[in-house]
Protein chains: 2
Amino acid sequence: MIAERGLAGLKTRDLAREIGCANGAVYNLVADVDELVLRVGSRTLLRLDKVLSAAVSADNPSPQETLVRIAIAYCDFAAENLELWRAMFEHRMEAGKEVPDWSVHDQLQLFRHIYTPLAALFPDRGAEELGITARSLFSAVHGMVALGLEQRLVAVPLPALRKEIAGLVRAMIDGLIARAA
Amino acid sequence: MIAERGLAGLKTRDLAREIGCANGAVYNLVADVDELVLRVGSRTLLRLDKVLSAAVSADNPSPQETLVRIAIAYCDFAAENLELWRAMFEHRMEAGKEVPDWSVHDQLQLFRHIYTPLAALFPDRGAEELGITARSLFSAVHGMVALGLEQRLVAVPLPALRKEIAGLVRAMIDGLIARAA
DNA sequence: AAAATATATTGAACGATGTTCAAGATCTCT
DNA sequence: AGAGATCTTGAACATCGTTCAATATATTTT
């Protein structure tokens, strides 16, 4: 239902009807909608993980090229799974509640796709520094994808967006290498 | 109320009580909450615009340095106006409704802070190409600020975030110049 | 096989929320 | 002062997520 109608289009009553049970029966499977959304998010992250792995496994590209491919694959996945992907970032917990550990874990899991090639590029750097760099790289790419796929402002065609992202990643890596030298 | 309790903490009844009028009277000032949020957003954007202007007006920095300062100022503004700033990006229109022109205009207005120094850096490029580059730069910085200020995952202290952003902007510009040569 | 216990399902009801609207109050202009 | 326009009120509506006592089903025990 999220994939078809977006996060805002997910209603427990519609969901119950689609499943074929009563309103209240939804709460036998899930504590509340927060958990439901997070569970869907984890499935989406798992599919994303496979896509990212597949994006580099074919040949053995350089760390730089690996990072570029990861970014492009991320962009493509977001475009092809727009609503599911958006739901993960649009969703906010009910006031006061924390994101459960299993969900945080599933999110952090994906950073290894960025962390590993970064570590190969900068063997001298510590784990914490690499972690921050990985987060920065991801955030920047994520921002470009998020606003690029939002039709609200300037509309950018997907091929142009992919090219922009590739340029950004290459520029960031070059910049990091230059400052390391 | 958005600044204090966040976008999700804005309720029309509380608002009416705070203003000192009946529930329904809110709708004499505003068509619906969507408009209310957008109006608040426009005020926030106006304040942001002033901050960005002030960030470069003192001396006369190079275009590169100007872009770095704009990015840092954007980060600082977001940190100091966290809920108001978040509200602008978290808010989604009611299903089927489009963002009104005056709001889109107020949003696009800010791009000149990025566009102008970019145009100085790349005088040969056309308006459309510059527009795309400006959007990319903004998206990348916005992404870093958005995820950086979100405590959910890895917590990054503000000074570290500012340094990361400055590095990203410099790297992107260097990369753009290198490819232009 | 029957009774007893545990579990699952139902759908009406609750509380919160955005929004509407007829009735009443207030203001404005002649 | 009176007529017409405008504003204000607060009850009522529709739509949500969520709860829960009653009912139905499944499992275990005797």
Side-chain angles (χ1 to χ4, degrees), chain A residues 1-44 82-104 106-107 152, chain B residues 1-44 82-104 106-107 152:
Chain A
M1 290 188 60
I2 293 176
E4 284 173 12
R5 296 192 262 276
L7 184 57
L10 171 67
K11 316 284 156 150
T12 57
R13 282 174 177 81
D14 295 350
L15 183 64
R17 196 174 333 119
E18 191 138 335
I19 299 177
C21 68
N23 301 334
V26 172
Y27 296 87
N28 293 330
L29 314 168
V30 127
D32 45 33
V33 272
D34 278 342
E35 186 191 333
L36 177 58
V37 173
L38 292 181
R39 292 239 116 97
V40 173
S42 277
R43 290 194 188 181
T44 307
L82 192 55
E83 293 299 345
L84 285 170
W85 175 78
R86 272 190 186 153
M88 294 194 293
F89 297 96
E90 287 183 1
H91 174 67
R92 302 288 133 185
M93 280 284 150
E94 196 180 345
K97 268 197 332 190
E98 291 301 312
V99 180
D101 285 342
W102 56 265
S103 180
V104 175
D106 285 358
Q107 294 177 49
R152 197 192 291 197
Chain B
M1 290 188 60
I2 293 176
E4 284 173 12
R5 296 191 263 276
L7 184 58
L10 171 67
K11 316 282 159 160
T12 57
R13 281 174 176 80
D14 296 349
L15 183 65
R17 196 176 330 121
E18 190 137 335
I19 300 176
C21 69
N23 302 334
V26 173
Y27 295 87
N28 294 329
L29 313 168
V30 127
D32 46 32
V33 271
D34 279 342
E35 187 192 333
L36 177 59
V37 174
L38 292 181
R39 292 239 116 98
V40 173
S42 277
R43 290 194 188 180
T44 307
L82 192 54
E83 293 298 346
L84 285 169
W85 175 78
R86 273 189 185 152
M88 294 194 293
F89 297 96
E90 286 183 3
H91 174 67
R92 303 288 134 185
M93 278 285 149
E94 195 179 347
K97 269 197 332 190
E98 290 301 312
V99 181
D101 285 343
W102 57 264
S103 180
V104 175
D106 285 358
Q107 293 178 50
R152 197 193 291 197

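Throughout, protein chains are lettered first and strands after them, A, B, ... in sequence-line order, and every chain is numbered starting at 1. Just so we're clear, the structure is a prediction, and the values are computed from it rather than from any experiment.
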Sugar-phosphate, base or nothing in reach of B:Leu10, heavy atoms under 4.0 Å: sugar-phosphate

For atom OH of B:Tyr27 and atom C1' of D:dA11, their distance in whole Å: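 Answer to the nearest Å: 15 Å.
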
Looking at [options], which one has an atom nearest to any side-chain atom of [X]?
{"X": "B:Ala22", "options": "C:dG11, C:dT19, D:dT9", "answer": "D:dT9"}
{"X": "A:Thr12", "options": "C:dT19, D:dG17, C:dT9", "answer": "D:dG17"}
{"X": "A:Cys21", "options": "C:dG18, C:dT10, D:dT9", "answer": "C:dT10"}
{"X": "A:Lys11", "options": "D:dC16, D:dT19, C:dG18", "answer": "D:dC16"}
{"X": "B:Asn28", "options": "D:dT8, D:dT18, C:dT19", "answer": "D:dT8"}
{"X": "B:Glu94", "options": "C:dT10, C:dT19, D:dT18", "answer": "C:dT19"}

Test item: [X] and [Y] side chains (from C-beta on) under 4.5 Å apart, heavy atoms:
{"X": "B:Arg39", "Y": "B:Trp102", "answer": "yes"}
{"X": "B:Met93", "Y": "B:Pro100", "answer": "yes"}
{"X": "B:Ile2", "Y": "B:Arg86", "answer": "no"}

Of A:Asp32 and B:Gly20, the one whose closest DNA chain D nucleotide lies more 5':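 With A:Asp32 and B:Gly20 compared, the 5'-side residue is B:Gly20.
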
Residue whose closest nucleotide on DNA chain C lies nearer the 5' end, A:Ala25 versus A:Arg13: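 Of the two residues, A:Ala25 wins.
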
Pairing of A:Asp32 and A:Lys97 as salt bridge, 4.0 angstrom limit: yes

